[in-house]
Amino acid sequence: MLVVSEILLALVVCVIAAEFVRQRWKIRRLPPGPTPLPFIGNLLAMKFKLNHESLIQMAKIYGNVFTIWPGGKPVIVLNGYQTVRNALISQSEEFSGRPANPLTLAFIGTNGILFSNGHTWKQQRRFGMTTMRNLGLGKKSLEVQIREVSQQLLEYFNSEKGKAMDPTQPIVNCVANVISSVVFGHTFNIDDSTFQQLVKATSSMVNIRTQWWSRLYDAFPSLMSRLPLPQYRVFVEWEKLRSYMKKEIKTHQENLCDEPQDFIDYYLRQIAQTKEDPSSTYGEDSLVQVVVDLFLAGSETTTTTLRWALLQMTNNLEIQDKVQKELDVVFGDSQIINYEDRHKVPYTNAVIHEIQRYCNIVGAGVPRQCIKETTLEGFQIEKGVSVQPNISSVLNDPEQWETPAQFNPHHFLDKEGNFVNRAAFLPFGAGHRVCFGEQIARVELFIFFSSLLRAFNFRPPEGVKKIRKDCILAGTLQPHPYKVCAIPR
């Protein structure tokens, strides 16, 4: 027995030694960074999380291009506006891949838009963008749907009669209904149990990367897939989400019209038209994943941004007051708010942009993969390596923003009070992988925010001076749960 134990110990030591040598060989060709441990890399030092703030601190030690090891594989981190721009915009094609880590593959595979690559990604994204335009993206028809849903939100807030309330659930319900109208061709009653399950499952999937076990899963997929750990609950939510999408698709197949009415209709028609094409990536499994992608990208992000928006307005009453005065002058009591009207209200537009900058919800952002060998700021970047553009470092770059640590709408205004775009405003990412839902998110944010500020004064509950403004690291950077009083104006 002793001999067996000694042999096993020797094997373990040999495996660890071999991994140590492999890492050291790999490190020679990588940008500098903290020293990794065999197999787990820098996971212990990172506390099993990819924290955007800690990445900014590491850049002060290792430079704007450095390497971390969140497990057994390296990730190259890009920090600061100029570095991120040089990669995502100047070399957009080279950095257009998405890393296929074990956890993502276990849930999603290689379908859809968000996490697919190569021909699949290009074909699905092109079709998705074309279909969204056909459904009204950038046109009045989609704005009408958004205004109708925003009216439901106003009615809910008004029903609370100025009492302290948590705005999260009504906001997420309304934002999810915008996506529902585009994808399914109908909205839900917010009390619908199926709708609530859909929203819950979507939230579970968005938050998956914040779970401590997700990093271990990527480091030890064979082991983690066999252990009775919390990921099984997420797999259950995932199957609920996919199951509902399949039911909607089946209903659409049974009631398909000659003229497509929604995203699923358009996709089903595309499947029929390309079934003889050997290069086609269209199919029912792909449709399920694309629909899931639309919900993942289009619900949590806008909801979280609006939650931060109400928090900031409640904590900054003088800014809230200036927004309301501008909206009153331009729109009065009855004029309908359209997205193109943002040019008439530069201060309101600047406040919305500053909310997205200061309350950055994406943290470090979504990782990329280098699809061909290239050079970035003197470093050789190998094909296939994962790259993490730290979007937070861009939105807080002291070389780009006058007061990056302060909530300051004047970041987006010139001396005459006109709105100005800023090159370093990249909350949606940049390059070929820029957020698929950017345009619809911009329209939603403007119409929802302007409608809410026009209708209500937002105040903290009695006894509360300021709502806490630090964040919770979830799938997005979210505010702590809070209550606010929406007092009709």
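Note that this is a predicted model, so its numbers are computed, not measured. No hydrogens, no waters, no symmetry mates; every other heavy atom, side chains included, goes into these values.
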Just list the side-chain donor-acceptor pairs under 3.5 Å for residues 50-64, sequence neighbours left out, or say none.
residue: N51; atom: OD1; partner: E53; partner atom: N; Å: 2.8
residue: N51; atom: OD1; partner: S54; partner atom: N; Å: 3.2
residue: S54; atom: OG; partner: N51; partner atom: O; Å: 2.8

In D321, V351, V323, the residue satisfying side chain to side chain contact (heavy atoms under 4.5 Å, CB included) with L453 is V323
Tested for side chain to side chain contact (heavy atoms under 4.5 Å, CB included) against N177, the lone hit among Q145, E148, Q152 is Q152
Heavy-atom closest pair (T304 atom, P479 atom, distance to 0.1 Å) is CG2-CD, 4.2 Å
Q | Sidechain-backbone polar pair: N315 side chain, I467 backbone, donor-acceptor under 3.5 Å | A | yes
| said: Is there a side chain to side chain contact (heavy atoms under 4.5 Å, CB included) between L477 and I472? Walk through the geometry before answering. | reply: CA-CA 6 Å; L477 299 182; I472 299 172; over 6 Å; no
### Task
Mind running side chain to side chain contact (heavy atoms under 4.5 Å, CB included) on I146 and F448 for me, showing each step along the way?
CA-CA 8 Å; I146 293 173; F448 275 107; 4.1 Å; yes
Ring centre gap for W308 and Y482 strictly below 6.0 Å:
no
_Do V65 and N79 make a side-chain contact, defined as non-hydrogen atoms from C-beta onward lying under 4.5 Å apart?_
no
* **Donor-acceptor contact below 3.5 Å, side chain N396 vs main chain S392** => yes
Closest heavy-atom pair, Q124 versus S286, reported as atoms and distance to 0.1 Å, is NE2-CB, 4.2 Å
Donor-acceptor pair, R368 side chain versus F95 backbone, under 3.5 Å? yes
Exactly one candidate in W401, F419, F449, Y347 meets ring-ring contact (aromatic ring centres under 6.0 Å, His included) with H353; the answer is F419
Smallest heavy-atom separation, N173 atom then Q196 atom, equals OD1-NE2, 3.4 Å
So the salt bridge (Lys or Arg N to Asp or Glu O under 4.0 Å) pairs with at least one residue in residues 432-460 (sequence neighbours excluded) are E438-R442
When every non-hydrogen atom of F436 is compared with those of L294, the smallest separation belongs to CE2-CD2, 3.1 Å
message: Between N338 (side chain only) and E340 (backbone N and O only), is there a donor and an acceptor less than 3.5 Å apart?
response: no
Practice task
Keeping the roles fixed (side chain from N111, backbone from Q289), state whether a donor-acceptor pair exists under 3.5 Å.
Solution key: no
*Are the side chains of Y244 and K240 in touch, meaning some heavy atoms are under 4.5 Å apart?*
no
Residues L413 and V420: closest non-hydrogen pair is N-CG2, 3.7 Å
request  = Answer yes or no: is there a donor N or O on one side and an acceptor on the other, between the side chain of R98 and the main chain of L114, under 3.5 Å?
outcome  = yes
Do T348 and S450 have side chains that get closer than 4.5 Å, going by heavy atoms? yes
The side-chain contact (heavy atoms from CB on, under 4.5 Å) partners of V291 (sequence neighbours excluded) come to V183, F184, M245, I264, L287, F295
Contacts of E402 meeting side-chain contact (heavy atoms from CB on, under 4.5 Å) (sequence neighbours excluded), chain-then-number -> H411, R422
Taking atom types as modelled and ignoring hydrogens, do the side chains of Q82 and E377 form a donor-acceptor contact shorter than 3.5 angstrom?
no
- Query: With a 4.5 Å heavy-atom cut-off, do E300 and Q478 have their side chains touching?
  - Reply: yes
Sequence neighbours excluded, the answer for salt bridge (charged side-chain N to carboxylate O under 4.0 Å, His left out) partners of R357 is E354
| Backbone of G128 reached by a side-chain donor or acceptor of T131 within 3.5 Å | no
query = Does any non-hydrogen side-chain atom of Q439 lie less than 4.5 Å from one of Y339?
reply = yes
>> If we count only N and O atoms by modelled type, under 3.5 Å, do the side chains of Q369 and S386 hold a donor and an acceptor together?
In response: no
Check whether any side-chain heavy atom of Q400 sits under 4.5 Å from a side-chain heavy atom of V394, and report yes or no. no
For S181 and T187, indicate whether the former's side chain and the latter's backbone hold a donor-acceptor pair under 3.5 Å. no
| task | Return yes if a side-chain donor-acceptor contact under 3.5 Å exists between D328 and Q324, otherwise no. | result | no
To the nearest 0.5 Å, atom CD1 of I355 lies from atom CG of N360 at 13.5 Å
From the list T374, N86, T375, side chain to side chain donor-acceptor pair (under 3.5 Å) with Q91 holds only for T374
What one should report as the nearest heavy-atom pair of L88 and A430 is CB-O, 4.0 Å
Taken in chain and number order and not counting sequence neighbours, the residues that satisfy side-chain contact (heavy atoms from CB on, under 4.5 Å) with Q312 are N316, Y358, C359, F407
So L376 and I76, side chain to side chain contact (heavy atoms under 4.5 Å, CB included) or not? Walk me through it. CA-CA 11 Å; L376 181 66; I76 297 176; over 6 Å; no
When you compare the side chain of P488 with that of F456, does any pair of heavy atoms fall below 4.5 Å? yes
### Query
Is the closest side-chain heavy-atom distance between Q356 and I361 below 4.5 Å?
no
Looking at R489, is its backbone amide N or carbonyl O close enough to the side chain of N457 to form a donor-acceptor pair, meaning the two atoms are under 3.5 Å apart? no
Does G97 offer a backbone N or O that forms a donor-acceptor pair with the side chain of N117 under 3.5 Å? no
